[in-house]
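Note on naming: letters A, B, ... go to the chains in the order of the sequence lines (proteins, then strands), and numbering restarts at 1 for each one.
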Number of protein chains: 2
Amino acid sequence: MTDSLPPIQTTARDDAVLKALAGFVRQEALGPGQKLPTERILAERLKVSRNTVREALTRWEGLGLVERRQGSGTYLKAAVSPDMLHMPLTLAGGNDFAGLMCTLEIRRALEAEAAALCAVRAGKAELAEIEHKLNVMEEAFRTRDGMSSDEDWEFHQAIFRASGNPLFEQIIAAMYELFHRFWEHPLGVRDFGHASFPYHRTIFDRIVARDPEGARAEALKLIATVEDDLKRGAANLKLSDRK
Amino acid sequence: MTDSLPPIQTTARDDAVLKALAGFVRQEALGPGQKLPTERILAERLKVSRNTVREALTRWEGLGLVERRQGSGTYLKAAVSPDMLHMPLTLAGGNDFAGLMCTLEIRRALEAEAAALCAVRAGKAELAEIEHKLNVMEEAFRTRDGMSSDEDWEFHQAIFRASGNPLFEQIIAAMYELFHRFWEHPLGVRDFGHASFPYHRTIFDRIVARDPEGARAEALKLIATVEDDLKRGAANLKLSDRK
DNA sequence: GTGGTTCAATGGTCCAACCAATTTCTGCAC
DNA sequence: GTGCAGAAATTGGTTGGACCATTGAACCAC
């Protein structure tokens with residue numbers, strides 16, 4: 001057999017554009033937030049049409065690597081390196097109770113593991129960051145007397161980042177969005193998330209104690225309270241079921 | 001403070017194109033492999049420029065939803081529905097040991113949970129399917145005297161499907177592909193995966209025994225052997241490290 | 001300073017070609 | 001009729017140029 005004879009690429013303009021652009025970003029040491037050259041300039045320098053440049057940038061935009069602002073420019077949104085692996089994952093949205101429960105099962109598995117890894121790997125800076133987010137969240141809880149989605153989420157994100165594995169944050173972020181796309185309002189449960197509050201600090205305590213299994217156990221308890229809330233919401237919704 | 005004032009969207013042409021196209025696919029009940037209308041036709045029907053259509057299709061192509069063949073047409077590559085969540089995973093420096101290890105950490109968390117859920121939820125038909133895949137894999141192992149990636153993977157997939165949560169299969173499949181995109185050859189380790197062989201049957205045994213924690217423990221042992229293999233491969237590669 | 005106005009820069013869209021790969025049709029030889 | 005080579009049509013890929021919509025900075029009146 002004549003394997004490993006990849007078909008020659010007679011046309012791969014936009015791919016070449018992206019490779020060149022990745023090299024440029026590397027050479028200029030550009031980081032997130034920084035602006036990269038104009039489409040017109042890129043087209044001229046690379047000797048390709050502006051349309052081709054646009055198709056290439058559209059791909060990067062779809063991968064979340066870049067953000068375009070009309071009238072302003074194109075800005076890096078994440079670190080870009082010539083050797084990156086992209087794996088687009090599209091999830092069929094489950095808009096019902098079972099679908100929400102599915103996202104929680106994934107979170108249960110991943111959050112527990114992330115908390116355990118965090119307890120092992122987190123450095124001093126990461127611990128300080130997590131503690132700060134925890135304090136902000138607790139303050140918001142006291143003043144507004146209820147869980148605040150945003151501050152709560154930032155606390156969890158800090159843990160994922162400290163796990164040393166970027167995939168945790170990316171995947172759980174997808175679960176989070178999938179969950180909140182349909183949730184918005186807590187399905188009639190007024191104090192949604194209330195029960196999860198104390199576990200945030202217990203998780204943090206186990207992490208600073210460098211106790212991975214303890215952190216895992218506390219994370220599992222936290223997710224369990226969310227699952228309970230969801231079940232209560234589903235019960236409330238039973239009567240007004242749509243479709 | 002004036003929160004919850006999302007910026008108004010004045011232009012979103014290509015997004016609108018994708019939404020319309022998703023609706024079209026749904027209405028015509030198009031599935032993977034089928035051809036969708038010409039760019040020129042889409043442009044005419046939707047009253048937008050062909051360029052806009054192309055940018056929209058470029059996005060879908062980047063997400064792996066669609067495949068374009070010059071001179072032939074644009075074909076669906078996966079099922080699309082109007083309500084989909086797209087999650088582009090990017091693994092910086094995925095070509096090295098750390099990147100591969102990241103995918104294994106996700107798999108460790110998810111495979112353990114999936115095995116436990118499977119032990120609780122799998123029905124008779126699912127158990128039979130898993131056992132069949134296990135027998136095929138063991139037969140392949142004996143005849144070829146080594147792990148066979150394909151049969152091995154099908155066994156695991158059967159477990160994920162029996163977990164009752166489709167997200168497990170989708171996410172772990174993404175990890176699997178991310179892992180194998182660079183692995184191809186086992187980094188010089190001849191009997192890669194050999195050590196994992198016995199755990200396939202022990203996992204299955206714990207599942208049929210309806211023992212979720214036992215299944216979880218065996219799944220963790222299996223992943224641990226793969227991680228060991230990977231570490232050995234990394235050690236082999238140490239000397240010939242590039243860059 | 002505050003609030004408008006102007007103006008250049010930049011991404012977004014459109015058009016009309018042409019190129020390159022593929023598919024389909026056509027017509028000829030047999 | 002069959003088979004096949006070449007022409008023609010189809011379709012995605014690229015180009016260049018034009019114009020629109022938004023942004024942001026400079027400028028100006030008050």
| query | What residues, two or more places apart in sequence or in another chain, satisfy side-chain hydrogen bond (donor to acceptor under 3.5 Å, both in side chains) together with B:E61? | reply | B:R68

| request: Could you state the atom-to-atom distance from CZ of B:R69 to P of C:dT24 in whole Å? | output: 12 Å

| query | Atom CD1 of B:I172 and atom CD1 of A:I106: how far apart are they, to the nearest 0.5 Å? | reply | 7.5 Å

| request: Write down the distance between CD (A:E39) and P (C:dT10), rounded to a whole number of angstrom. | output: 10 Å

| request: Output all residues satisfying salt bridge (Lys or Arg N to Asp or Glu O under 4.0 Å) with A:E154, sequence neighbours left out; order by chain, then residue number. | output: A:K133

| What residue pairs, at least two apart or across chains, pass ring pair (Phe, Tyr, Trp, His ring centres under 6.0 Å) with a residue in residues 151-171 of chain A? | A:W153-A:Y176, A:F155-A:H200, A:H156-A:H200

| remark: Whole-Å distance, A:L46 CG to D:dT14 C1', equals 14 Å

| request: Give the nucleotide from the list C:dT10, D:dG13, C:dC14 with an atom nearest to the side chain of A:K35. | output: C:dT10

| request: Send over the distance from B:L76 CG to D:dG12 C1', rounded to a whole Å. | output: 16 Å

| Any side-chain donor paired with an acceptor under 3.5 Å for B:N165 and B:S163? | no

Could you write out each protein N or O paired with an N or O of nucleotides 15-19 of chain C at a distance under 3.5 Å?
from   : atom 1 : to    : atom 2 : distance (Å)
C:dC15 : N4     : B:N51 : ND2    : 2.9

| query | Angle, rounded to 10°, between the helical axes spanning five pairs at each terminus of the helix from C:dG1-D:dC30 to C:dC30-D:dG1? | reply | 10°

| task | Check side chain to side chain contact (heavy atoms under 4.5 Å, CB included) between A:A112 and all other residues, then give those that pass, not counting sequence neighbours. | result | A:R216, A:L220

| remark: Residues passing the side-chain hydrogen bond (donor to acceptor under 3.5 Å, both in side chains) test with A:E139, sequence neighbours excluded, are A:R142

| note | In whole angstroms, the gap separating P of C:dG12 from CG of A:L57 amounts to 9 Å

| Residues that A:R45 engages under salt bridge (Lys or Arg N to Asp or Glu O under 4.0 Å), provided they are two or more places apart | none

| How do A:S72 and B:L36 order along DNA chain D: which one's closest nucleotide is nearer the 5' end? | B:L36

| said: Between P on C:dT22 and CZ on B:R68, what's the gap in Å once rounded to a whole number? | reply: 16 Å

| query | If only side-chain N and O atoms of A:T52 are considered, is one of them under 4.0 Å from the OP1 or OP2 phosphate oxygen of D:dT15? | reply | yes

| query | With sequence neighbours excluded, what pairs up with A:E28 under the side-chain hydrogen bond (donor to acceptor under 3.5 Å, both in side chains) test? | reply | none

| Atom-pair distance (NZ on A:K47; P on D:dT14), nearest Å | 18 Å

| query | With sequence neighbours left out, what residues match B:R107 under side-chain hydrogen bond (donor to acceptor under 3.5 Å, both in side chains)? | reply | B:E111

| query | With sequence neighbours left out, which residue pairs that include part of residues 166-175 of chain A fulfil the salt bridge (charged side-chain N to carboxylate O under 4.0 Å, His left out) condition? | reply | A:R161-A:E169

| note | Residues in residues 17-31 of chain B with a heavy atom under 4.0 Å of DNA chain C, by number, are none

| Considering heavy-atom distances to DNA chain D, does A:E55 or A:Y75 have its closest nucleotide positioned more toward the 5' end? | A:E55

| said: Could you check whether atom CZ of B:R26 has more than 12 heavy atoms from other residues, nucleotides or ligands sitting under 6.0 Å from it? | reply: no

| remark: Here the distance between atom P of D:dC20 and atom CZ of A:R54, to the nearest Å, is 17 Å

